[in-house]
Amino acid sequence: EGKMNSNDIKGGISNDKMGSTKIDLSTKTEAEDGKVYFSYEDIHSAVESMVPSLAEFKPTVIIAIGGGGFIPARILRTQLKVPILAISLELYDDETNTTREQVKCLQWFNTSAGPGALVDGGNVLIVDEVDDTRTTLQYCVEELLRKCKPAKVGVVVVHNKLKEKRGTLPENVEYFAGQDVPDKWNCYPWDAAAYGRDIQEHEAISRKCSS
Ligand code: 5GP
């Protein structure tokens with residue numbers, strides 16, 4: 001339960017039907033600190049690789065899980081041309097130990113007006129940057145189905161860590177991952193300052209992870 005093999009993953013492969021541009025999603029190696037650094041181009045390519053299958057899903061609206069899902073969702077908006085709803089969920093540590101147990105909902109959306117009104121009866125794509133234990137995604141799908149009546153739900157992540165998942169998703173939820181990655185810590189360009197680096201330093205390390 002909760003386990004997925006690559007056959008379950010939709011999208012994520014370079015698509016010849018898209019024309020001459022081949023999307024290179026080669027596996028990155030870890031940096032000296034054991035973390036894997038992704039560049040803006042890596043993120044953009046992984047997101048773009050899903051566009052053909054996401055277009056087939058015929059989305060009505062995107063729900064971006066912040067902060068990591070915001071930039072991937074924005075990249076998708078250019079291609080899918082649907083509005084983005086921003087939510088914020090936080091997987092927080094138990095006070096007693098370091099096991100991350102609970103998801104806290106910091107921000108949801110208003111269903112009575114604007115793009116939020118597109119969710120009921122619509123094809124909804126939930127976007128996040130990484131599927132680690134799947135806890136956050138499970139929570140998000142459950143909250144969505146508890147509060148709304150979408151016609152169809154899809155989950156989109158830039159990276160899916162290949163590991164035993166704690167969370168599960170309902171059978172009828174479609175799953176799209178830009179790239180399957182090993183179970184290591186991924187560093188994303190928008191977080192460069194959080195690791196004490198500017199974007200140029202981050203991108204330089206990320207290039208090293210490609211060679
Ligand atoms: P979950 O364990 O619920 O799948 O992931 C929860 C959240 O933890 C993700 O949305 C992401 O914000 C954060 N996270 C998990 N693994 C990583 C990682 O390798 N790098 C970064 N930057 N965040 C991560």
Side-chain angles (χ1 to χ4, degrees), residues 1-14 23-50 53 64-73 75 88-94 96-104 125-142 154-171 173-192 194-197 202-211:
E1 201 186 69
K3 259 212 287 204
M4 271 202 161
N5 58 45
S6 54
N7 294 334
D8 294 314
I9 310 298
K10 293 183 181 143
I13 312 143
S14 62
I23 296 172
D24 173 27
L25 292 178
S26 52
T27 311
K28 301 195 71 128
T29 53
E30 60 188 68
E32 281 164 20
D33 61 6
K35 301 179 174 120
V36 185
Y37 290 74
F38 290 91
S39 69
Y40 274 115
E41 188 176 337
D42 294 328
I43 303 301
H44 210 104
S45 300
V47 170
E48 291 275 342
S49 74
M50 292 182 278
S53 23
I65 306 178
F70 290 169
I71 290 175
I75 295 168
S88 181
L89 305 175
E90 196 176 67
L91 189 58
Y92 67 90
D93 294 2
D94 253 11
T96 45
N97 56 46
T98 52
T99 324
R100 300 181 308 158
E101 294 274 336
Q102 305 261 5
V103 181
K104 207 158 79 180
L125 283 180
I126 296 169
V127 177
D128 207 352
E129 89 277 46
V130 54
D131 174 0
D132 181 20
T133 65
R134 202 162 284 165
T135 311
T136 305
L137 290 169
Q138 176 180 342
Y139 176 92
C140 185
V141 169
E142 282 173 356
V155 162
V156 181
V157 291
V158 181
H159 293 135
N160 172 40
K161 287 194 201 173
L162 294 172
K163 64 193 285 184
E164 192 82 43
K165 303 290 184 180
R166 195 154 66 91
T168 54
L169 299 172
E171 281 277 304
V173 167
E174 287 190 50
Y175 186 87
F176 306 87
Q179 197 175 13
D180 291 338
V181 295
D183 188 13
K184 300 204 169 108
W185 189 260
N186 300 332
C187 297
Y188 294 108
W190 48 82
D191 280 329
Y195 303 102
R197 296 194 181 85
H202 175 98
E203 296 281 310
I205 299 177
S206 129
R207 279 193 293 277
K208 276 199 195 166
C209 292
S210 294
S211 56

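Residues take their numbers from the sequence shown, with the count starting at 1. Quick caveat: nothing in here was measured; it's all calculated off a predicted structure.
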Test item: [X] side-chain N/O and [Y] main-chain N/O as donor-acceptor pair under 3.5 Å:
| X | Y | value |
| --- | --- | --- |
| Lys161 | Lys184 | yes |
| Lys28 | Ser206 | yes |
| Lys165 | Asp132 | yes |

Legend entry - Aromatic ring pairing His159/Phe38, orientation class (parallel under 30°, perpendicular over 60°, tilted between): tilted
Inset, instruction - Describe, in one word, how the ring planes of Trp190 and Tyr40 are oriented to each other, choosing from parallel (under 30°), tilted (30 to 60°) and perpendicular (over 60°). - result: tilted
Inset, instruction - Could you go through the side-chain contact (heavy atoms from CB on, under 4.5 Å) check for Val181 and Asn186 one step at a time? - result: CA-CA 9 Å; Val181 295; Asn186 300 332; 3.9 Å; yes
Nearest 0.5 Å please: distance from the [atom1] atom of [X] over to the [atom2] atom of [Y].
| X | Y | atom1 | atom2 | result |
| --- | --- | --- | --- | --- |
| His202 | Asp191 | NE2 | CG | 8.5 Å |
| Cys209 | Asp42 | SG | CG | 9.0 Å |
| Leu89 | Asp128 | CG | CG | 8.0 Å |
| Glu90 | Ile65 | CD | CD1 | 13.0 Å |

Legend entry - Evaluation steps, side-chain hydrogen bond (donor to acceptor under 3.5 Å, both in side chains), between Tyr195 and Asp33: CA-CA 11 Å; Tyr195 303 102; Asp33 61 6; over 6 Å; no
Inset, instruction - Decide side-chain contact (heavy atoms from CB on, under 4.5 Å) for Val130 and Val158; before the verdict, give the C-alpha distance in whole Å, the side-chain angles of both, and the deciding distance to 0.1 Å. - result: CA-CA 6 Å; Val130 54; Val158 181; over 6 Å; no
Legend entry - Derivation and outcome, side-chain contact (heavy atoms from CB on, under 4.5 Å), residues Thr168 and Gln138: CA-CA 6 Å; Thr168 54; Gln138 176 180 342; 4.0 Å; yes
Inset, instruction - Could you go through the side-chain contact (heavy atoms from CB on, under 4.5 Å) check for Arg197 and Ile205 one step at a time? - result: CA-CA 10 Å; Arg197 296 194 181 85; Ile205 299 177; 3.0 Å; yes
Legend entry - Minimum side-chain heavy-atom gap Ser39-Arg207 below 4.5 Å: no
